[in-house]
Protein chains: 2
Amino acid sequence: MQSARTLARARGSISRAMSTSPSGLVPRLEQLLGRDAVLTQGDSMDKYCRDWLGQYGERALAVVRPNSTEQVAAVVRACSELKVPLVPQGGNTGLVGGSVPRSGEVLLSLERMHSVRFFDQDSNVLVAEAGCRLQETDEWLRREHSRCIPLDLAAKGSCTLGGNVSTAAGGVHVVRWGGLHSSVLGVEAVLADGTVVDGIRTARKSNTGYHWSHLFVGAEGTLGIVTAVALAVPPAPRNRAVAMVGCADWEGVRRLVHRALGPDGLAETISALEYLDAGSVDMAVTWGGARDPLDERYPYTVLLEAASADLSSCSQRLEHVVQSAIVAEEAVTGVIASSTQQERELWAVRESVTLALTKRGAGVKLDVSVPLSRMAGPEGAVVAARRHLANELPPGWLSNATSADFESLCGAGWNGGVDEGGVCVVGYGHVGDGNLHLNASIPSLRKARGMPEGREDALFAGAVAWTPPQLADAHSRVGAALLPWVPQWITEHGGRGASVSAEHGVGVSKLSYAGLSRGEGEELLMRRLKAALDPLNLLNPGRVMTSDH
Amino acid sequence: MQSARTLARARGSISRAMSTSPSGLVPRLEQLLGRDAVLTQGDSMDKYCRDWLGQYGERALAVVRPNSTEQVAAVVRACSELKVPLVPQGGNTGLVGGSVPRSGEVLLSLERMHSVRFFDQDSNVLVAEAGCRLQETDEWLRREHSRCIPLDLAAKGSCTLGGNVSTAAGGVHVVRWGGLHSSVLGVEAVLADGTVVDGIRTARKSNTGYHWSHLFVGAEGTLGIVTAVALAVPPAPRNRAVAMVGCADWEGVRRLVHRALGPDGLAETISALEYLDAGSVDMAVTWGGARDPLDERYPYTVLLEAASADLSSCSQRLEHVVQSAIVAEEAVTGVIASSTQQERELWAVRESVTLALTKRGAGVKLDVSVPLSRMAGPEGAVVAARRHLANELPPGWLSNATSADFESLCGAGWNGGVDEGGVCVVGYGHVGDGNLHLNASIPSLRKARGMPEGREDALFAGAVAWTPPQLADAHSRVGAALLPWVPQWITEHGGRGASVSAEHGVGVSKLSYAGLSRGEGEELLMRRLKAALDPLNLLNPGRVMTSDH
């Protein structure tokens, strides 16, 4: 098969490139971009070559920082001629090792391409370079044009629009605006041979050929380097209402989700629909500094947000949904924020979980799509993972309070058990999208930043008190138990509603099991597309797909 | 270049195929599908082989009607082996000759694949076969699940979901829901070699590889045959409000559009934003049987619709927008429908224009995107086209009342001039999307169906009284004057906001000027994608792109 031959040839080139930097590469890059834009040594390279979780990345042959599409194209042509693989990088906030180099690769950062090219006030379309930061651009758009970027995620302060598009970033507002395919009208991209393809359009409708720009949404830089994007942007919401409710069981959550999304729900104003289990809330409170606004710890906490570009308040509708849910016994209790400060406090519970998990100690992070019936509760993925871990790990390793029957433990005075020691399995995520973040937390021996003096010892005061070698062993045993077991379970029980990577992408970390969510025909089609656009396999090789077919 | 070689080879095959049907083709197709599913002669073939405007299509080698994905794949494999080109067809409602055969081709109708496979009530995702009719499926969805397909267009009764996706259908609700990229979660497609690629997902988020399904949105069947689609569907609106306003000039329309889409506009409830110029309204009234609800004929009439899934009324917000527009002198007058019957009457003005144009006599139909400032009014495309025609055509041919300075002619008692005879140039369309339908109407000698006896003569009572040969000459002169002049004007004056085909696609009719809206890099990329997925150029060859590169 032609594609296989081509890829095999490319692999040979990469192997050669990995041993040494081709002679002339660095001087050529310096000539093209100027010396300041090329880093080849020193600590300044580290932030580009290592991902923010510290899990992936090796020293690049060079880090280049072009400031224009022409410079990107020149770098790509130079690397193509020398058969040197290239890794594009936006804000370097990825979680799957997709935007950091391996030895023998050149890292191309888009950070110096950070201009808004223009905003079209007739069509409400933003045209911006790939390196524009999400939050900064969003704030500018709200301030100047009363519009917003329909995308919000934890990394918004650092991540870039090019990275968002290249990874098909999701986040908390997909339930409102849909994914990035809803907003992307076109991209400008540099292909593997240096060809610049300009698909930037401000027309909202155009059917004059293939909608190829959408192929670059979620391609993780393997088909071309996105240098600019055209995004249709909606009116910025001018009022919102936020509520948090406690549910006694998963069936209640599921019915509440149906209610919120259904005919008597939040209608067009729906803005976010998130859930956290008791362990996640406890994680946020104990390690993330959040305050649980509910009177006691419930098995499931659901956050609902309504928002409107209209000035009339959304709170009445949200109150109606929450009250109806309580009357229908879907929820036990609920609070509705009555000030911006309170809204922030409710969101803090949800938003601090990720950082709290990192503070307690890195573990295994899974980001999957799964039908609601199989997300949590007795039949769900989180309980299945806990049961599986309980079988696989030595007795006492798994935190009791996040064990399979934790729903029955919840109630007044229960703290979620995160401080009890051992391995905690928690589930939270974008329940309105069927997107579950399943995490196994393993306490760290490192002093957790920002935690009170001595607090970290509590993690080992439970059934298990680990020594450093035992901790390393714990990490590998938990990882081995959950991967690929959870993705397999999700695939088996979730059918077409399952995805082994909902929003984080594949990168290198999910290569071994991404195939669970793509059939034989898809794999073939992907390889044909890759071979057609990057026949030498030089753009982010070995990400999204292995190179060994 | 490889792609060029491949395409050249394929062209050779097509030329051979055109002269005779390869021996064994028909028996093989009959063996695969059964005799009833293969048509090779008789009148029953005509409806598949000719487009509904009667402009395109030749007799196919065979018309095949598979009833399953497996049968589609079998047909594709058979045609691929015999090097016979295939044209896929949904409801055959296209306007650009993209879904009817040329001599030597096999026509593959998806009409027998009309089952809804399932509806996922957790994720609100519809999975349906390509041949499902839009309107029928939408009505089922509303009835059974209180959801709707976020797509509405004139051909909804006949067009199919597979055709909608393959042509990236637009319509009146793009201003609310965005285009089909917003809804499509995945497709099932049969590639040129018969490989079935199954991208049907009900998960709202999935990042486990390339988002290849979006490449089939708008590819017009040239990259593969879409056999099923997964669509995310929103809650069906349960109330709506419709208004129609008259504007004295284009600047008023433009400011009204900004108002409706802006911070004090219709916010999330916006559902449609359409405009018609005086000639279009007159066309709808004279030839379409509509009633003009405004007190007199204004230069521009704008239809606004608000809709909500919530039961609370939208009319208050719409009234506010209309009243504010009148106070700000953007609009002169307006009516707001106070019953469903009145809503229908307002919509009838807009919806009857297309058919009215056909009744008066076919002419030149253009469907373009253009920035608001260049759509209509003194600086706009419609006036530019009128001026150009006035120069190109013999004196008196162009209807006076739709001449370049028609804005000044409007007022009480003015009828728009459609009945005055001669060539009328009218503009209308989806003003909220920047999508202009520009039409030149040439009166027909055929008796217009549905018009009062003798009415058609009125068309020739003006400055021009044509004989049949003169009429044929008129058609070709108007066509030669407007094409490619208008697309060129649009491109020159519209910049990145221009598209020479907004929603109708390229097919064969726009091949000669589609290149105006795609740059060199895009053309190259498209050809690489085509060569990678259809190396023998057998799927809808010569549509979207010429085969002669």
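Worth knowing before you read on, the calculation uses all heavy atoms, side chains too, and leaves out hydrogens, waters and symmetry mates. Naming convention: chains lettered A, B, ... in sequence-line order (proteins, then strands); numbering from 1 in each chain.
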Contact check, side chains of B/Ser308 and A/Glu268, non-hydrogen atoms, under 4.5 Å: yes
A/Arg543 portion near chain B, given a 4.5 angstrom heavy-atom threshold: neither
Trace of the side chain to side chain contact (heavy atoms under 4.5 Å, CB included) decision for B/Arg147 with A/Leu261: CA-CA 10 Å; B/Arg147 296 262 151 180; A/Leu261 297 174; 3.9 Å; yes
Selection from B/Val500, B/Ile200, B/Val217 maximising heavy-atom pairs under 4.5 Å formed with chain A: B/Ile200
Toward chain A, the part of B/His430 with a non-hydrogen atom under 4.5 Å: side chain
Closest contact, heavy atoms only, A/Asp433 versus B/Arg204: O-CB, 3.9 Å
Options A/Arg317, A/His504, A/Glu520, ranked by heavy-atom pairs under 4.5 Å with chain B, top entry: A/Arg317
Check: B/Tyr210 and A/Thr222 side chains under 4.5 Å, non-hydrogen atoms: yes
Distance-minimising heavy-atom pair for B/Arg238 and A/Pro263: NH2-O, 2.6 Å
B/Asp310 versus A/Gly265, closest heavy-atom pair with distance: OD1-O, 4.5 Å
The single option from A/Leu223, A/Leu215, A/Thr195, A/Val197 passing side-chain contact (heavy atoms from CB on, under 4.5 Å) against B/Leu525: A/Val197
Segment of B/Val544 engaging chain A (4.5 angstrom heavy-atom cut-off): side chain
Pairing of B/Arg518 and A/Asp198 as salt bridge, 4.0 angstrom limit: no
Donor-acceptor contact present, side-chain B/Thr202 to main-chain A/Arg496, <3.5 Å: yes
Partner chain B: residue of A/Gly209, A/Ala232, A/Pro235, A/Gly178 with the largest heavy-atom pair count (under 4.5 Å): A/Gly209
Backbone N/O of A/Ala169 and side chain of B/Lys205: donor-acceptor pair under 3.5 Å: no
Minimum heavy-atom distance between B/His258 and A/Gln121, given as atom pair plus value: CE1-O, 3.5 Å
Closest non-hydrogen atom pair between A/Gly497 and B/Ala203, with its separation: O-CB, 3.4 Å
Interface residue of largest heavy-atom contact number with chain B, from A/Val257, A/Val127, A/Asp264, under 4.5 Å: A/Asp264
Among B/Leu191, B/Leu533, B/Asn124, B/Val196, residue most engaged with chain A (heavy-atom pairs, under 4.5 Å): B/Leu533
Residue A/Ala307 versus chain B: region with a heavy atom under 4.5 Å: backbone
Contact winner vs chain B - A/Ala514, A/Gly434, A/Ala230, A/Gly505, heavy-atom pairs under 4.5 Å: A/Gly505
Residue pair A/Ser517, B/Thr208: steps toward the side-chain hydrogen bond (donor to acceptor under 3.5 Å, both in side chains) verdict: CA-CA 6 Å; A/Ser517 289; B/Thr208 60; 4.7 Å; no
CH2 on A/Trp212 to CE on B/Met526, rounded to 0.5 Å: 11.0 Å
Which of A/Asp120, A/Leu372, A/Asn435 touches chain B most, by non-hydrogen pairs under 4.5 Å: A/Leu372
Steps toward salt bridge (Lys or Arg N to Asp or Glu O under 4.0 Å) verdict (A/Arg528, B/Asp193): CA-CA 13 Å; A/Arg528 279 194 201 164; B/Asp193 61 1; 2.6 Å; yes
Largest heavy-atom contact set with chain B, pairs under 4.5 Å, which of A/Ala498, A/Gly521, A/Gly186: A/Gly521
Validation row, ring centre B/His181 to ring centre A/His211 under 6.0 Å: yes
Contact class of B/Thr167 relative to chain A, heavy atoms under 4.5 angstrom: backbone
Region of B/Ser206 that comes under 4.5 Å of a non-hydrogen atom in chain A: both
Under 3.5 Å donor-acceptor, B/Asn207 side chain and A/Gly218 backbone: no
Segment of A/Tyr513 engaging chain B (4.5 angstrom heavy-atom cut-off): neither
